[in-house]
Amino acid sequence: MEYTRRRLLTTVGGLASVGVAGCLDRVAGTRNDRIAWRRETEGTIGALAFADGTLAVLTMWRALGFDTTGSERWRALLDDPDDTVCLDAGLAVGSDGDGDPLVYVAGCGSTRAFGAPEGTTVWETPDVSTFAPITAADGAVYVPSGSLTALDGADGSVRWTALEDEDGVTAAGVGDETVVVGSDDGTVYALATADGSERWRTDLGDHRTQIPTVADGVAYVATSVPEDDRGQLVALDAADGRERWRVDTGQALADSRLVLAGETVLLGTASGSLHAHRRDGGDQRWRFDADDWLVTQPAVGPDGETAYVGSNDGNCYAVSLDSGERRWSVPVGYSSVPPVVHENHVFVGSHDGVFALSR
């Protein structure tokens with residue numbers, strides 16, 4: 001079974017009364033010195049992002065903006081809560097043509113841009129929508145939904161659409177005027193950012209590919225084979241798709257991105273572990289194991305010394321990037337979304353709300 005976030009939400013709903021309920025009960029009564037504040041959000045959190053002093057939070061029906069003290073700045077109702085859930089993880093941040101910060105939300109039949117400080121709607125593009133994560137980079141918003149559509153980040157106009165006949169296209173990794181996406185059938189595609197024309201494609205075999213990360217001429221791609229609870233980490237040349245190296249890992253968490261920290265590649269897995277590998281050859285530096293079967297995509301602190309992850313076991317962990325050792329953990333409830341780090345705080349979204357933790 002592929003543990004997409006949508007399936008996680010439905011599956012873990014049943015598990016909560018078994019393995020997670022105790023964690024949530026403890027959270028409600030917890031007094032932990034690292035918890036600066038906690039806010040409830042009236043719906044399961046699908047994604048977090050930070051834009052110019054505003055923490056953007058996406059739930060099943062709403063987008064919300066908080067300042068760093070936990071005060072709510074704005075909220076936008078994206079759909080009627082009595083209707084079918086149509087939002088999940090389509091959240092990204094960028095800026096308009098004047099450099100003003102924007103929050104992009106894809107779901108409910110459209111993609112929208114909100115002004116980050118005040119939450120006003122800047123633009124809305126109908127019929128471009130997704131349940132999956134989206135990417136904002138270099139003035140464009142890339143929306144995967146059975147194809148890949150590039151929108152102008154300033155006004156929402158469609159720049160191009162590509163890969164309309166391909167299977168399960170992922171969100172994009174962007175670098176060197178190239179957009180790189182994975183797919184459910186194991187193929188990785190590279191497209192020109194200018195017009196969406198194909199530059200190359202590479203078949204990684206019987207592995208579902210997750211969201212690529214592109215940096216310094218290399219596209220890093222994590223894969224998963226859910227039936228066997230396994231996966232791989234692959235480095236491809238971003239210019240031509242040639243494979244540089246490949247190593248075995250745990251099953252990559254669906255809809256997650258690889259995170260680069262210096263010379264290290266970090267991978268959160270549905271196998272319950274955080275993996276750290278060397279960028280220059282793929283050798284494993286260390287592995288951190290949580291107490292249950294899911295570890296989120298990590299966030300790295302500004303000091304470059306600590307990675308932060310949420311988990312199915314109800315904790316947010318701080319892990320040493322040097323050794324992989326646990327520095328601390330805080331019970332926050334079940335979390336399947338990547339944390340966000342800003343200055344002295346780690347923001348975590350869980351089934352129990354939004355938490356601001358002291359780093």
Report yes or no: does Thr130 contribute a side-chain atom to a donor-acceptor pair with the main-chain N or O of Ala132 at less than 3.5 Å?
yes

Using atom types as modelled, flag every donor-acceptor pair under 3.5 Å from a side chain in residues 190-197 to any protein atom, sequence neighbours excluded.
from, atom 1, to, atom 2, distance (Å)
Thr193, OG1, Glu177, O, 3.3
Asp195, OD1, Ser197, N, 3.0
Asp195, OD1, Ser197, OG, 2.8

How far does NE2 of His275 sit from CZ of Arg285, to the nearest 0.5 angstrom?
14.5 Å

Is it the case that the side chain of Trp123 and the backbone of Gly153 share a donor-acceptor pair, with hydrogens and angles ignored and the cut-off at 3.5 Å?
yes

Let's go through Phe355 and Ile35 carefully: what are the C-alpha distance in whole Å and the side-chain angles of both, what is the deciding distance for side chain to side chain contact (heavy atoms under 4.5 Å, CB included) to 0.1 Å, and is it a yes or a no?
CA-CA 7 Å; Phe355 290 77; Ile35 300 176; 4.1 Å; yes

Thr161 and Thr149: CA distance, side-chain angles, deciding distance, side-chain hydrogen bond (donor to acceptor under 3.5 Å, both in side chains) verdict:
CA-CA 4 Å; Thr161 298; Thr149 298; 3.3 Å; yes

Does the side chain of Val247 come within less than 4.5 Å of Trp245's, by heavy atoms?
yes

Drop me the distance from Leu258's CG to Tyr220's OH, to the nearest 0.5 angstrom.
9.5 Å

Check: Thr296 side chain, Val309 main-chain N or O, donor-acceptor pair, under 3.5 Å:
no

So for atom CD, which belongs to Glu118, do other residues, nucleotides or ligands contribute more than 12 heavy atoms lying within a distance under 6.0 Å?
yes

Please test Tyr189 against Glu166 for side-chain hydrogen bond (donor to acceptor under 3.5 Å, both in side chains), starting from the C-alpha separation and ending with a verdict.
CA-CA 10 Å; Tyr189 302 89; Glu166 305 305 332; 2.7 Å; yes

Output for pair (Cys108 SG, Leu78 CG), nearest 0.5 Å, gives 5.5 Å

Considering only heavy atoms from C-beta outward, does the side chain of Met60 approach that of Thr44 to under 4.5 Å?
yes

Should we count CZ of Arg278 as having more than 12 external heavy atoms under 6.0 Å?
no

Is the count of non-hydrogen atoms from other residues, nucleotides or ligands lying under 6.0 Å from Asp100 atom CG greater than 12?
yes

Determine whether a donor-acceptor pair (N or O, by modelled atom type, separation under 3.5 Å) exists between the side chain of Arg246 and the backbone of Gln232.
no

Short side-chain donor-acceptor distance under 3.5 Å, Arg257 and Thr135:
yes

Partners passing side chain to side chain donor-acceptor pair (under 3.5 Å) against Asp98 (at least two apart in sequence or in another chain):
none

Atom CG of Asp322: over 12 foreign heavy atoms under 6.0 Å:
no

Is a donor on one side and an acceptor on the other found under 3.5 Å between the side chain of Ser323 and the backbone of Ser320?
no

Under the side chain to side chain contact (heavy atoms under 4.5 Å, CB included) rule, what do His342 and Thr68 come out as? Steps first, then yes or no, please.
CA-CA 9 Å; His342 177 70; Thr68 55; 4.0 Å; yes

Shared hydrophobic cluster, Val181 / Trp160 (ILVMFWY, side-chain heavy atoms < 4.5 Å):
yes

Any luck finding a side-chain donor-acceptor pair between Arg199 and Thr178 under 3.5 Å?
yes

Begin with the C-alpha distance, continue with both residues' side-chain angles, and end with the deciding distance and a verdict on side chain to side chain contact (heavy atoms under 4.5 Å, CB included) for Phe347 and Val57.
CA-CA 10 Å; Phe347 300 102; Val57 179; over 6 Å; no

Ring centre gap for Tyr308 and Tyr317 strictly below 6.0 Å:
no

Polar contact flag, side-chain donor to acceptor under 3.5 angstrom, Arg73-Thr54
yes

Below 4.5 Å, heavy atoms only, C-beta onward: do Asp79 and Arg62 meet side chain to side chain?
no

Main-chain N/O of Asn315 paired to Ser311 side chain as donor or acceptor, under 3.5 Å:
no

Side chain to side chain, Leu64 and Thr59, heavy atoms closer than 4.5 Å
yes

Just by distance, do the side chain of Asp67 and the backbone of Ser71 share a donor-acceptor pair under 3.5 Å?
yes

Determine whether more than 12 heavy atoms belonging to other residues, nucleotides or ligands lie under 6.0 Å from atom CG of Asp228.
yes

Would you tell me whether Thr121 and Arg112 have side-chain atoms, one donor and one acceptor, within less than 3.5 Å of each other?
no

Can you confirm whether Gln297 sits close enough to Val259 that some side-chain heavy atom of one is under 4.5 Å from a side-chain heavy atom of the other?
yes

